[in-house]
Amino acid sequence: MAFSEQQEVLVKEAWEIMKPNLPQLSLRFFTTILEIAPAAKNMFSFLKDSEEIPKNNPKLKVHAVKVFKMTCESAVQLREMGKVVVAETTLRYLGSVHLKKGVLDPHFEVVKEALLRTVREAVGDNKWSEEMRGAWSVAYDHLAEAIKAEMKAEAGQVDSEAVADRVPIATDV
């Protein structure tokens with residue numbers, strides 16, 4: 001999953017267009033996730049009790065900005081660093097939270113589709129192209145793979161801890 005110089009240029013170009021409208025685009029991104037997969041609302045404690053997509057929910061706004069910004073910034077840094085750049089503790093936390101919430105591969109695809117729709121809407125049809133779509137797809141796939149790897153690591157740790165809790169350890173008698 002290489003990330004070319006041209007893909008980097010396209011992602012950075014879109015990011016520069018989007019930055020001034022980050023709060024609005026973040027909310028649009030998250031709203032799109034919930035439009036595509038309404039049941040995803042139940043994965044967020046601050047949305048569970050609502051029948052609608054609460055656009056004025058302050059916790060949703062904060063969460064949406066964090067997720068959208070991290071996704072976009074990791075895409076922008078991908079070529080320069082050769083990998084997704086997210087603080088190790090943040091990546092571990094993301095893996096743990098996604099595992100606990102029961103996030104599966106199809107959930108990542110929903111987020112990817114929401115991201116692509118949001119970027120397209122933000123940059124407009126005159127800038128949007130199949131090449132830009134491909135660049136953002138590759139960049140997002142790198143981030144998703146990093147989170148999935150952490151989920152697998154966390155699952156392995158959880159499994160071994162569960163086994164350790166069930167299996168008595170022999171001690172010197």
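Keep in mind the model is a prediction, meaning the values are calculated, not measured. Only this structure's heavy atoms are used, side chains among them; waters, hydrogens and symmetry mates stay out. In this chain, residues are counted from 1 in sequence order.
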Report summary line: Sorted by chain and number, sequence neighbours left out, side-chain hydrogen bond (donor to acceptor under 3.5 Å, both in side chains) with Arg117 holds for Glu113
Requested in this report: Could you list the residues that satisfy side-chain hydrogen bond (donor to acceptor under 3.5 Å, both in side chains) with Asp125, not counting sequence neighbours?
Outcome: Arg120
Report task. Apply side-chain contact (heavy atoms from CB on, under 4.5 Å) to Arg133 and Val119, showing your working. Result -> CA-CA 9 Å; Arg133 176 183 173 76; Val119 173; over 6 Å; no
Report task. Taking Glu145 for its side chain and His142 for its backbone only, find out whether a donor-acceptor pair lies under 3.5 Å. Result -> no
Query raised in the report: Side chains of Glu35 and Thr31: closer than 4.5 Å at any heavy-atom pair?
Result: yes
Query - Counterpart residues, side chain to side chain contact (heavy atoms under 4.5 Å, CB included), relative to Ala122 (two or more places apart) - result: Met18, Leu25
Query raised in the report: At what distance, to the nearest 0.5 angstrom, does CH2 of Trp128 lie from CH2 of Trp136?
Result: 9.0 Å
Query raised in the report: With sequence neighbours left out, what residues match Lys112 under salt bridge (Lys or Arg N to Asp or Glu O under 4.0 Å)?
Result: Asp141
Query raised in the report: Rounded to the nearest 0.5 Å, what separation is found between the CE atom of Met132 and the CG atom of Leu10?
Result: 5.0 Å
Report summary line: The reported gap from CZ in Phe108 to CG in Leu143 (rounded to nearest 0.5 angstrom) is 8.0 Å
Query raised in the report: Charged N to carboxylate O below 4.0 Å: is that the case for Lys12 and Glu16?
Result: no
**Report entry** salt bridge (Lys or Arg N to Asp or Glu O under 4.0 Å) partners for Glu121, two or more places apart
**Finding:** Arg28
Query - Approximate separation, where rounding is to 0.5 Å, of Glu13 CD and Ile17 CD1 - result: 5.5 Å
Requested in this report: Could you list the residues that satisfy salt bridge (Lys or Arg N to Asp or Glu O under 4.0 Å) with Glu109, not counting sequence neighbours?
Outcome: none
Report task. Just jot down the ring pair (Phe, Tyr, Trp, His ring centres under 6.0 Å) partners of Tyr140, sequence neighbours excluded, or say none. Result -> none
Query - side chain to side chain contact (heavy atoms under 4.5 Å, CB included) involving Ala114 - partner list, sequence neighbours excluded - result: Phe29, Thr32, Ile33, Ile36
